[in-house]
Amino acid sequence: MRVTFPHMGNLYICLKAMLQYLGVDVVVPPPSSKKTLTLGVKYGPEFACMPLKLNLGNFIEAYGLGADTIIMAGGCGPCRFGYYAQIEYAILKDIGYEFQLIVIEPPERHISELFNKIRHITGNRSWWQVIQAIRFGYQKARAVDEIEMAAFKIRPRELVFGATDIAYRSALSLIDSASSPNELDRAKKRAGVIMAGVVLDESRPVLKIGLTGEIFTLLEPYSNLDVERHIGYLGAEVDRSIYLSEWVNDHLFLGMLKGLRSRKDACSAASPYLRHFVGGHGQETVGSAVNYARAGFDGLVQVFPFTCMPEIVAESILPEVSTEYGIPILTLIMDEHTGKTGIITRLEAFIDLLERKKEFRRHAFS
Amino acid sequence: MTLKVGIPRALLYYYYVPMWQTFFHELGAEVVLSSPSTKGILANGLKHAVDEVCLPIKMAFGHVLDLAGKVDYIFLPRMVSIKKREYICPKFLGLPDMVRCLDGLPPLIDINVNLYKSKKNAFFAAKEVGKLFTGNYFKISGAYRYSLKTQKKYFKLLQLGLLPDEALAGLEDGVGNKPRPGQGQFTVALLGHPYNIYDSYINMNIIRRLRAMGSNVVTAEHLSEQVVRSCAACLPKKLFWTLGQRMIGAAFHYFKRRDVSGIVHVAAFACGPDSMTGELIAREARAAGMPFLNLTLDEHTGETGIVTRIEAFMDMVRWRNAGVS
Ligand code: SF4
Ligand code: SF4
């Protein structure tokens, strides 16, 4: 059994760690790229949302590298994601890619089913080992998130253009290659040193932008055309409404780890604007917009894939938040036709606007 | 003074209007329906909704706005779930909040209708709504029971083969409960969300067109819940969209019926559920060798394009029928 899974940003680091810890043979698909998307577009349903198309491309590429088993999360609606695995599997079968499919459904009714599936993947490892593996994966997710957060902070302040990206990549690969908890501790320290080594211009005025939206497009840089990086280059610091470890905590550990931002906070902030969950992360998007506005951020960027339903609901409601708190919001919608230059132009204009607004406020109050 | 309750002629109106109307009547309120869909109503919806939402939601915005100034309340329940462990669509979950952003509307009755966990919640919702009109618990539960009865009759009429407007007329005068025998030479199954296939403005009169070209039209609503569900059960995983489940179940049923010669699937552009159910139906149609037409509607859809495609489809159906018999 050679196991693969779809890409979602740095998720592969965490999943690979978990599975390899248990001795599972893992095939990480090549990073999502133009080729991946082209494959997905070719075989996927025309109006499916982009994550489905990228998943499909990932699987086809992983097949080429010898993968024969897919692990995927399931879901019970109302959003499309819960039916992704089945549709993707059927399409792959049609075009001659024979996979074994293992869908991890949320343990709503039969917790035993979940255990059986884990057993199936891990063979005769003890539950203790399984728990250790999950822990290890989670620690990697935390480590990756810390590096990302550091990158968000330093990128707008770097003296040498691109220095942050270089540091980010090498720090990430250190974390990725750590093969035991001990090694991970050492890697974390070294990664911290690398990130701290980027030379900064501390006096530079920097805007703060909250990035929110649909989880896949938030976490997968290929799908958002590197929006975070470009915001950084344009001199603004980013905070993202969802990080990998938060997602893992909320969804795999049912929010048991305290001290992390949880979706509950975001959802309660969404009321009175959006008083009900709408699937995906729609309510969280509205809620984190409110939280960012309250925390004094200068602007908000919402990203989501074309036709994403929960985010369209959020998009309809965000103008209310924007007027009430006086915070500008830019909505970026991604699909296979979205061009990078267009996105950068819109970001530039947006950041210009934020700067002028900030200037104006400074003058008005001094 | 009688309170006026407005019901937008959009979305689940096509399913539940008999029940809603009866309920409010029984509580002594006057029910005002928005006008049937027109260009003007849609234009108004387009103006007030974000570009990205699907056509039916834009249409719903238009209908809500049509009621502004004419009524004391607008009935816009949050239809979370109408069946255990199923949903409708994320946009139904957010609709009242999206609509609340519009200016100049009377208060919304945006009660949560959520049967995800239990059927009983329907009555709780009715009770909450009823309280707006009367303090009398018995009156509310009486109204609720009567409204359910009317709804059942309506579903029965649909299952006899009537279309919603015919069935509604049947409820009014109590006669005409028999479906007209089909005049066409063959039968086509029309599948899609009820607000897409029964709103003749949104779909450019597709039912009339199909009939004019010599076809009888059957829909998912002509089938009993049981038939639909048992046919949908052959999917590898149960669909969690109630309406999608109906479509799939009906498609699978009609594929097997020898008197059905083709399937037309009407989808809304950028509709999430349709993108998935459409794919499932299309792949099954291919496997079954059934003529299949997918029409995708948005505000830019041109009438001529639709007509040409329906004509081509009908030709195909005719050839196939001639070849087989
Ligand atoms: S959240 Fe959006 S992008 Fe993700 S599956 Fe749902 S509709 Fe698609
Ligand atoms: S089911 Fe489709 S057409 Fe209906 S509201 Fe949802 S996205 Fe729109």
Side-chain angles (χ1 to χ4, degrees), chain A residues 43-49 52 74-91 93-94 101 103 105 108-109 270-283 286 304-321 323 331 333 335, chain B residues 48-54 57-58 61 78-81 85-102 110 112 114 116 235-242 244-245 248 267-284 286-287 294 296 298:
Chain A
Y43 297 113
E46 186 184 354
F47 293 113
C49 35
L52 187 146
C76 37
C79 187
R80 269 178 274 191
F81 183 76
Y83 221 81
Y84 264 24
Q86 284 71 20
I87 295 246
E88 289 164 358
Y89 178 72
I91 293 172
K93 207 166 160 190
D94 275 3
L101 175 70
V103 189
E105 296 286 354
E108 254 200 352
R109 258 186 293 191
S271 189
Y273 307 99
L274 180 52
R275 303 178 191 169
H276 200 281
F277 85 94
V278 293
H281 288 72
Q283 202 182 13
V286 174
F304 62 88
F306 183 57
T307 79
C308 172
M309 304 177 281
E311 294 298 327
I312 291 175
V313 173
E315 185 200 6
S316 309
I317 289 166
L318 282 178
E320 288 281 286
V321 179
T323 353
T331 294
I333 301 170
D335 73 358
Chain B
H48 289 91
V50 295
D51 273 354
E52 282 70 31
V53 299
C54 52
I57 295 283
K58 287 173 178 155
F61 270 54
R78 193 191 300 275
M79 303 299 285
V80 178
S81 163
R85 297 190 164 275
E86 290 173 15
Y87 293 103
I88 301 181
C89 159
K91 287 178 200 161
F92 278 77
L93 291 167
L95 186 65
D97 298 295
M98 289 156 87
V99 165
R100 211 176 301 111
C101 297
L102 304 176
D110 61 348
N112 288 359
N114 187 351
Y116 192 85
L235 285 175
K237 172 179 176 178
K238 188 183 138 190
L239 266 183
F240 37 71
W241 301 300
T242 306
Q245 162 116 238
I248 295 270
F269 179 74
C271 166
D274 278 344
S275 73
M276 307 294 264
T277 45
E279 168 77 14
L280 292 169
I281 296 177
R283 94 193 358 264
E284 207 58 34
R286 245 176 279 142
N294 180 56
T296 304
D298 73 0

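Hydrogens, waters and symmetry mates are skipped; everything else that's a heavy atom, side chains included, is used. Every chain is numbered from 1 and lettered A, B, ... according to where its sequence line falls, protein lines coming before strand lines.
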Novice: Supply the atom-to-atom distance A/Ile87 CD1 to B/Glu279 CD, rounded to the nearest 0.5 angstrom.
Specialist: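 With rounding to 0.5 Å, CD1 (A/Ile87) is 5.5 Å from CD (B/Glu279).
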Novice: Measuring from B/Ser275:OG to A/Leu52:CG, what's the distance to the nearest 0.5 Å?
Specialist: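 Answer for the OG-CG pair, B/Ser275 versus A/Leu52, is 8.0 Å.
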Novice: Identify which part of B/Phe92 has an atom lying under 4.5 Å from any heavy atom of chain A, answering side chain, backbone, both or neither.
Specialist: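 The answer is neither part of B/Phe92.
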Novice: Could you walk me through whether A/Cys76 and B/Tyr116 pass side chain to side chain contact (heavy atoms under 4.5 Å, CB included), step by step?
Specialist: CA-CA 11 Å; A/Cys76 37; B/Tyr116 192 85; 4.2 Å; yes
Novice: What are the two closest non-hydrogen atoms of A/Gln86 and B/Pro236, and how far apart are they?
Specialist: CG-CG, 4.2 Å
Novice: Quick one: side chain to side chain contact (heavy atoms under 4.5 Å, CB included) partners of A/Glu320, sequence neighbours excluded?
Specialist: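 Applying side chain to side chain contact (heavy atoms under 4.5 Å, CB included) to A/Glu320 gives A/Tyr273, B/Cys101.
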Novice: If you count heavy atoms of other groups shown closer than 6.0 angstrom to NZ of A/Lys93, is the number above 12?
Specialist: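 Not more than 12 within 6.0 Å, no.
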Novice: Check whether A/Ala314 gets within reach of chain B through its side chain, its backbone, both or neither, counting any heavy atom under 4.5 Å.
Specialist: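 When you check distances to chain B, no heavy atom of A/Ala314 falls under 4.5 Å.
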Novice: For chain A, which of B/Ile88, B/Leu93, B/Asp97 has the most heavy-atom pairs under 4.5 Å?
Specialist: B/Asp97
Novice: If I take atom CE from residue B/Met276 and atom OH from residue A/Tyr84, how far apart are they, to the nearest 0.5 angstrom?
Specialist: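 Here the interatomic distance stands at 6.5 Å.
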Novice: Sort out for me which of B/Cys54, B/Gly244, B/Gly94, B/Ala267 touches chain A most, counting heavy-atom pairs under 4.5 Å.
Specialist: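 Of the options given, most contacts go to B/Gly94.
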Novice: Does A/Thr307 have any side chain to side chain contact (heavy atoms under 4.5 Å, CB included) partners at least two apart in sequence or in another chain, and if so, which?
Specialist: A/Cys49, A/Arg80, B/Ala270
Novice: Donor-acceptor pair, B/Lys237 side chain versus A/Gly82 backbone, under 3.5 Å?
Specialist: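 Between the backbone of A/Gly82 and the side chain of B/Lys237 there is a qualifying donor-acceptor contact (under 3.5 Å).
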Novice: Side chain, backbone, both or neither: which part of B/Asp110 has a non-hydrogen atom closer than 4.5 Å to chain A?
Specialist: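 For B/Asp110, the side chain is the part near chain A, not the backbone.
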Novice: Identify which part of A/Ile333 has an atom lying under 4.5 Å from any heavy atom of chain B, answering side chain, backbone, both or neither.
Specialist: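 Interface part for A/Ile333: side chain.
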